Each structure stands twice: as structure tokens, then as C-alpha cells.
*Asks:* 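This is the structure I have questions about; it appears just below.
Since the structure is predicted, the reported quantities are computational estimates derived from the model, not experimental observations. Note: hydrogens, waters and symmetry copies are ignored here, and every other heavy atom, side chains too, is used.
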Amino acid sequence: MPAMMQPSGEPSLRAAQEQSNGPTALRIILGVKLRRLRQSLDISREDAGRAIRGSHAKITRLERGQVGAKERDLRDLLTLYGIHDPQEREEFFDLARQANSPGWWCQYSDVLEDWFELHLGLEDAASLIRTYEVQFLPGLLQTEDYAFAVSKLGYPTTEPRKVARIVDLRMARQKLLHRADPPRLWAVVDEAVLRRPFGGVEVMRGQIEHLLKMIELPHVTLQVAPFEVTAAAAGTPVTLLRFAAPDLGDKVYLEHLTNAVYLDKPSEVDQYTLIMDRLCTEARQPAETADFLRRILDELR
């Protein structure tokens with residue numbers, strides 16, 4: 001069924017809600033629509049900020065979906081932008097209320113870093129997740145034992161109870177691969193990832209067996225990049241996220257030990273997409289990867 005369209009030819013707010021999963025995506029969509037309204041009237045961020053008793057920086061955060069919209073601010077902005085029809089205004093308010101609702105990850109606020117919370121929301125809304133890993137297996141494909149082993153490495157001075165909570169969060173993330181409308185996960189991992197015995201032989205054996213089960217799912221693709229793959233010279237983990245909602249452009253997620261970078265400029269996204277495409281071309285194809293996993297499993301027995 002085609003998306004409901006506004007007279008301008010853009011999908012309606014209701015269609016945007018139906019094509020999105022979770023508050024993070026809706027918050028970004030609301031910001032995009034507010035930015036387009038402002039720009040169509042040639043209103044500066046400074047003028048928009050004054051209308052809501054704030055600054056241009058506040059408008060920037062709102063338009064980027066970094067913060068939720070307060071009802072009073074949204075009401076004043078819609079008035080400034082000439083949106084007076086009660087029904088149309090209510091659609092914006094309804095979108096804002098949904099965008100401000102807490103995501104499932106809020107229950108893990110005791111161990112959830114601010115810079116990672118945005119990724120969870122984007123991941124939850126994505127229709128396609130492409131990821132390349134050079135050190136560890138993707139969090140969406142880790143077993144609980146493997147996750148515990150690598151989490152202890154990343155948080156060596158953290159008490160076991162907190163590490164367990166971090167692992168619980170990682171396991172909760174994986175539910176999106178088993179929901180009724182799962183995203184497609186396309187992962188490429190460096191061969192070295194599978195050669196590192198995190199947690200010992202038993203843990204790695206269970207992890208490889210888990211990978212063999214996961215790649216049987218029609219929406220999960222795994223490739224291994226052997227040591228001779230030159231495209232792997234990117235040298236850093238990369239995740240690309242694509243969304244069904246037309247107002248949500250592709251995102252690039254680059255995670256570091258204590259923070260992360262989010263890129264969404266078309267030129268930046270294109271550069272990382274090219275790297276991912278090269279990796280997928282040069283890496284072992286899915287059937288070859290399955291055979292490779294079985295060989296590793298035999299070596300661990």
C-alpha cells in the first residue's frame with residue numbers, strides 16, 4: 001500500500017509513524033519536518049529559537065532529533081511556521097508525544113551510555129543493518145557467555161553485577177532479530193575475530209554453533225573477511241543503518257571505546273557504503289562462510 005501523501009507530495013505524519021519503529025526514529029522524523037517548515041519560510045534558526053525562548057543551538061538539537069519537543073515549544077513553532085489547522089497541529093503533537101515516550105532500553109539506564117542510547121534507538125528502527133567488525137563479533141550475534149567474556153575485557157575494573165547488566169542489555173538488543181518484522185542484518189567480520197578464543201574453547205564452541213544457527217534465518221547474512229582481503233584495511237568497526245521511513249536518511253555509526261560518532265552527510269555515507277560494498281565483494285560468500293565456521297568448530301572439538 002502506498003504511503004499517505006500530503007499535498008506537497010511528502011508522506012503524511014501518520015504514514016511516517018506507521019513506517020517507523022520506536023521513539024528515536026520518530027524524534028528524528030519530527031525534527032526533519034520542522035526543519036523543512038522553517039526553511040520553506042526562510043526563517044533562521046536564531047529567529048526560531050527566539051520564538052521558543054531559546055537559542056539557535058536548541059533549534060539545531062530539535063531538528064536533528066537529539067532532544068524531544070516540548071508541547072509549548074512545538075505549539076509556538078507551528079504557529080511561527082503558519083500551521084494553524086487544528087487537525088494538522090494535532091498530528092504534530094501526536095508525533096511528538098510518541099517520540100517522547102521511553103524506549104525499551106530505558107530500563108538499562110544504570111549501565112547505558114548516552115552516546116550508545118541513540119544507536120539502540122536507530123538500530124530498533126532500521127530496516128537494514130550492515131556492520132563490519134575487526135575485534136569482536138557483532139553484539140547482535142553474540143552468545144551470553146561470549147558477551148560476558150568480552151564485556152569483562154572492556155570494563156576490567158567494573159564489578160561483576162554491572163557487567164552482568166551490560167550483558168543483559170546486549171541480550172535484550174537481540175530480540176529485534178526475532179520479532180515479526182525484523183531488520184535485515186548483513187555482517188562482515190574479520191577472520192581474526194573468529195580466531196581469538198574469548199572466554200576459552202567452550203565459550204567459542206558455543207559461539208560458533210550459535211552463528212551457524214543464526215545464519216539459517218532468512219534475514220541474517222554473515223561473511224568472513226580472510227586475512228588477505230585488502231578492503232579490510234579500513235581497520236575500524238563500521239555500522240550502516242537504513243530505514244523504511246523516507247524522512248530517515250542512512251546513518252553511519254562508528255563506535256570507539258568510550259564514545260561514538262554518527263555520520264549522515266551523503267558524501268560520508270557514500271564513502272563508507274563503498275567500503276562495505278568492497279568488503280562484501282572480497283569476503284567469503286555466505287555459503288563459504290558457513291563451511292569456514294564448521295571447520296573452525298571442528299578445530300575446537
*Asks:* With a 4.5 Å cut-off on side-chain heavy-atom distances among I, L, V, M, F, W and Y, is there a chain of contacts connecting Trp115 to Leu112?
*Replies:* yes
*Asks:* Applying ring pair (Phe, Tyr, Trp, His ring centres under 6.0 Å), can you list everything that pairs with Phe93, at least two apart in sequence or on another chain?
*Replies:* none
*Asks:* Please list all pairs meeting salt bridge (charged side-chain N to carboxylate O under 4.0 Å, His left out) that have one or both residues in residues 292-301, counting only residues at least two apart or in different chains.
*Replies:* Arg195-Glu299, Asp291-Arg294, Asp298-Arg301
*Asks:* Report the residues that fulfil salt bridge (charged side-chain N to carboxylate O under 4.0 Å, His left out) with Asp270, sequence neighbours left out, ordered by chain and then residue number.
*Replies:* none
*Asks:* For His119 and Phe116, take the angle between the two ring planes, folded into 0 to 90°, and tell me which bin it lands in: parallel under 30, tilted 30 to 60, perpendicular over 60.
*Replies:* tilted
*Asks:* Excluding sequence neighbours, so at least two apart, what forms side chain to side chain contact (heavy atoms under 4.5 Å, CB included) with Thr221?
*Replies:* Arg184, Trp186, Pro286
*Asks:* Mind checking ring pair (Phe, Tyr, Trp, His ring centres under 6.0 Å) for Phe198 and listing every partner two or more places apart, or none if nothing turns up?
*Replies:* Phe136, Tyr146
*Asks:* Name all pairs fulfilling the salt bridge (charged side-chain N to carboxylate O under 4.0 Å, His left out) condition that reach into residues 53-63, sequence neighbours left out, sorted by first residue then second.
*Replies:* Arg38-Glu63, Arg45-Glu63, Arg53-Asp73, Arg53-Asp76, Lys58-Asp73
*Asks:* Quick one: side chain to side chain contact (heavy atoms under 4.5 Å, CB included) partners of Ser40, sequence neighbours excluded?
*Replies:* none
*Asks:* Distance check, rounded to the nearest 0.5 Å: Asp250 atom CG versus Leu122 atom CG?
*Replies:* 11.5 Å
*Asks:* Report the hydrophobic cluster partners of Met171, with the cluster defined as I, L, V, M, F, W, Y residues connected by side-chain heavy atoms closer than 4.5 angstrom, directly or transitively.
*Replies:* Phe148, Val163, Val167
*Asks:* Would one find more than 12 heavy atoms of other residues, nucleotides or ligands at under 6.0 Å from atom CZ of Arg242?
*Replies:* no
*Asks:* Going by salt bridge (charged side-chain N to carboxylate O under 4.0 Å, His left out), name the pairs with one or both residues in residues 138-154, residues two or more places apart or in two chains.
*Replies:* none
*Asks:* Go through the structure and list residues passing salt bridge (charged side-chain N to carboxylate O under 4.0 Å, His left out) with Glu90, not counting sequence neighbours.
*Replies:* Arg97
*Asks:* Which residue pairs pass the salt bridge (charged side-chain N to carboxylate O under 4.0 Å, His left out) test with at least one member in residues 98-108, sequence neighbours excluded?
*Replies:* none
*Asks:* Rounded to the nearest 0.5 Å, what separates atom CD1 in Ile59 from atom CG in Leu34?
*Replies:* 8.0 Å
*Asks:* Are Val252 and Val261 linked, directly or through intermediate hydrophobic residues, by side-chain heavy-atom contacts shorter than 4.5 Å (ILVMFWY only)?
*Replies:* yes
*Asks:* Would you give me the side-chain donor-acceptor pairs under 3.5 Å for residues 208-219, sequence neighbours excluded?
*Replies:*
residue, atom, partner, partner atom, Å
His219, NE2, Leu177, O, 2.7

